[in-house]
Amino acid sequence: MFALRPLLLLLLPLCPGPGPGPGSEAKVTRSCAETRQVLGARGYSLNLIPPALISGEHLRVCPQEYTCCSSETEQRLIRETEATFRSLVEDSGSFLVHTLAARHRKFDDNPDPGGCPSLCAGPGDWKKCGQRSA
């Protein structure tokens, strides 16, 4: 989850925030300068980022209100997010697979270390190991 935090921080500039509502004196910025700066620093082409807010009705992930996110920017963000997510899952999965494999080997080598080691002839000899001597 913490690895996705930078991506979420990246998406925040794409959201201009709530517009002026009843009783609100908020000023809506029509410029995408901050978004262009942030995404430009991440290697995005400034041609992909509109200079002013556009309607996001056609977008799937970025805000569907007025936004600084174009279709091309959204597609690139989706690809980067998928790659980041896959990497995180593979890293976590790899750790789990190696941990389980190591524990499985250790268990196979000595299935009942405290019970009856003298009765256990070897890995996989479960019947003898389960019996107790009188």
Side-chain angles (χ1 to χ4, degrees):
M1 179 66 177
F2 292 108
L4 293 177
R5 181 174 285 157
L7 187 60
L8 293 174
L9 293 176
L10 172 68
L11 292 175
L12 284 178
L14 298 175
C15 306
S24 172
E25 300 294 325
K27 177 183 172 188
V28 175
T29 177
R30 298 304 240 186
S31 171
C32 293
E34 183 182 348
T35 302
R36 292 170 64 87
Q37 181 181 8
V38 169
L39 292 179
R42 288 186 55 100
Y44 282 70
S45 169
L46 295 181
N47 295 334
L48 297 178
I49 307 160
L53 294 176
I54 60 171
S55 173
E57 293 176 351
H58 60 287
L59 301 174
R60 297 181 312 159
V61 176
C62 290
Q64 293 184 336
E65 301 164 352
Y66 285 99
T67 182
C68 294
C69 186
S70 66
S71 296
E72 294 83 7
T73 305
E74 181 181 58
Q75 290 303 315
R76 185 162 171 192
L77 287 169
I78 289 170
R79 285 191 303 271
E80 286 182 4
T81 302
E82 287 175 352
T84 301
F85 181 74
R86 285 179 195 266
S87 173
L88 291 171
V89 169
E90 287 173 3
D91 290 348
S92 298
S94 174
F95 172 76
L96 289 174
V97 166
H98 291 301
T99 301
L100 290 173
R103 291 187 181 191
H104 183 261
R105 279 191 305 273
K106 185 176 180 182
F107 185 78
D108 274 352
D109 291 343
N110 193 6
D112 191 10
C116 51
S118 61
L119 293 177
C120 296
D125 195 1
W126 304 102
K127 288 185 179 179
K128 282 186 183 177
C129 191
Q131 298 172 353
R132 298 261 181 213
S133 58

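We find the CG-CG distance between Leu96 and Asp91 to be 11.0 Å, quoted to the nearest 0.5 Å. One finds the CG atom of Leu100 at 10.5 Å from the CZ atom of Arg105 (value rounded to the nearest 0.5 Å). Note that the CD atom of Glu57 and the OH atom of Tyr66 stand 7.5 Å from one another [nearest 0.5 Å]. The distance from the CG atom of Leu48 to the OG atom of Ser71 is 10.5 Å, given to the nearest 0.5 Å. One finds the CZ atom of Arg36 at 8.5 Å from the OG atom of Ser45 (value rounded to the nearest 0.5 Å). Put simply, CZ on Arg79 and CD on Glu74 are 11.0 Å apart, with the number rounded to the nearest 0.5 Å.
Scanning both residues, Ser31 and Cys68, for their nearest heavy atoms gives O-SG, 4.3 Å.
Counting heavy atoms from C-beta outward, Thr67 and Leu59 have side chains that approach closer than 4.5 Å. Ile49 places none of its side-chain heavy atoms less than 4.5 Å from the side chain of Ser70.
For Glu80 and Arg76, the salt-bridge test passes: some basic side-chain N is under 4.0 Å from an acidic carboxylate O.
Put simply, the side chain of Ser92 gets close to the backbone of Leu88: a donor and an acceptor are under 3.5 Å apart.
More than 12 heavy atoms of other residues, nucleotides or ligands lie within 6.0 Å of CD in Gln64, so this atom counts as buried by the packing criterion.
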Q) Could you go step by step and tell me if Val61 and Leu77 meet the side chain to side chain contact (heavy atoms under 4.5 Å, CB included) rule? A) CA-CA 9 Å; Val61 176; Leu77 287 169; over 6 Å; no
